[in-house]
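Report on one structure; see the data block that follows.
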Amino acid sequence: MIKFSLKCAEDHRFDSWVESAASFDKLARAGLVTCAECGSTAVTKGIMAPSVQAARSAAPATRTLAAPETAAERAIAALRKKIEANSEYVGKDFARKAREMHDGTAPERAIYGEARIDEARKLAEDGVPILPLPFRPARKVN
């Protein structure tokens, strides 16, 4: 695995791990490498320095991956917390349940879940009020 420093057209900088330089190029050509902040697919590799480990006696700097650092990450984390506290997770039944509420065959309530792109497109075309979330829902398991 190789860690690349990446930069989008809006000058947002972020890191990503990829299998190889060739796999990065393939993913970028397919439009699958996107900026984590603005969603741009105009992403290029930045200047990279090799990772050199400090002396063994020095304590390595650690960063908790789950802790949001940027304002955008904090806003998404707050949105996620609010949605999860005030909505029902319906998993892969989201499209069906949203349509039932829209059609009046089920009581309206706040829900979130997962839908295939074709299901989401059909809901939007039919006027069902849905929005994509800027995060992947945590799957609830018993």
Side-chain angles (χ1 to χ4, degrees), residues 1-54 56 58-142:
M1 296 292 280
I2 300 171
K3 181 180 178 183
F4 281 121
S5 293
L6 305 176
K7 181 176 90 169
C8 77
E10 298 294 322
D11 204 32
H12 299 128
R13 296 172 190 274
F14 54 100
D15 295 335
S16 181
W17 288 92
V18 292
E19 186 176 336
S20 66
S23 66
F24 171 83
D25 293 338
K26 182 178 177 182
L27 291 169
R29 278 192 305 274
L32 298 174
V33 179
T34 59
C35 175
E37 204 163 326
C38 69
S40 170
T41 57
V43 175
T44 58
K45 290 183 266 188
I47 297 172
M48 293 178 24
S51 178
V52 179
Q53 189 171 11
R56 292 179 191 227
T62 59
R63 173 184 177 238
T64 304
L65 293 178
E69 285 192 349
T70 67
E73 289 174 335
R74 287 189 294 275
I76 290 171
L79 175 65
R80 179 184 198 140
K81 186 176 181 179
K82 185 173 183 176
I83 288 172
E84 289 176 348
N86 297 299
S87 305
E88 177 188 349
Y89 177 73
V90 295
K92 297 197 182 280
D93 286 337
F94 176 80
R96 181 179 59 79
K97 291 187 183 259
R99 181 165 306 281
E100 288 173 354
M101 285 189 290
H102 181 72
D103 293 342
T105 60
E108 286 194 27
R109 65 195 189 282
I111 62 170
Y112 71 104
E114 302 169 50
R116 296 187 322 264
I117 191 71
D118 60 313
E119 293 173 327
R121 185 175 289 123
K122 183 69 174 142
L123 289 170
E125 288 170 356
D126 294 344
V128 179
I130 61 168
L131 266 174
L133 298 175
F135 56 86
R136 185 176 299 266
R139 293 198 173 160
K140 310 274 182 175
V141 290
N142 294 338

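- Remark: T34 engages T41 in a side chain to side chain contact (heavy atoms under 4.5 Å, CB included) (not counting sequence neighbours).
- For the residue pair A115 and F94, the shortest heavy atom distance occurs at CB-CD2, 4.1 Å.
- For Y112 against S87, the heavy-atom pair with the smallest separation is CD2-CB, 3.6 Å.
- By the side chain to side chain contact (heavy atoms under 4.5 Å, CB included) test, A78 pairs with no residue at all, sequence neighbours left out.
- In terms of heavy atoms, F4 sits closest to S20 at CE1-O, 4.2 Å.
- The salt bridge (charged side-chain N to carboxylate O under 4.0 Å, His left out) search around E10 returns none, not counting sequence neighbours.
- In this structure L32 satisfies the side chain to side chain contact (heavy atoms under 4.5 Å, CB included) test together with L27, A30, sequence neighbours excluded.
- In this structure D11 satisfies the side-chain hydrogen bond (donor to acceptor under 3.5 Å, both in side chains) test together with R13, sequence neighbours excluded.
- Qualifying salt bridge (charged side-chain N to carboxylate O under 4.0 Å, His left out) partners for E19, counting only residues two or more places apart in sequence or in other chains: none.
- In this structure, the side chain to side chain contact (heavy atoms under 4.5 Å, CB included) partners of A77, at least two apart in sequence or on a different chain, are P68.
- With sequence neighbours left out, the side-chain hydrogen bond (donor to acceptor under 3.5 Å, both in side chains) criterion links R74 to no other residue.
- Minimum heavy-atom separation, V43 to C35: CG2-N, 3.9 Å.
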Can you give the donor-acceptor pairs under 3.5 Å from side chains of residues 122-130 to other protein atoms, not counting sequence neighbours?
residue: K122; atom: NZ; partner: D126; partner atom: OD1; Å: 3.3
residue: D126; atom: OD2; partner: R99; partner atom: NH1; Å: 3.0
residue: D126; atom: OD2; partner: R99; partner atom: NH2; Å: 3.1

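- Taking R121 as the reference, nothing meets the salt bridge (charged side-chain N to carboxylate O under 4.0 Å, His left out) condition, with sequence neighbours excluded.
- Partners of R29 according to the side-chain hydrogen bond (donor to acceptor under 3.5 Å, both in side chains) rule, which considers only residues two or more places apart in sequence or in another chain, do not exist here.
- Annotation: side-chain hydrogen bond (donor to acceptor under 3.5 Å, both in side chains) contacts of D103 (sequence neighbours excluded): none.
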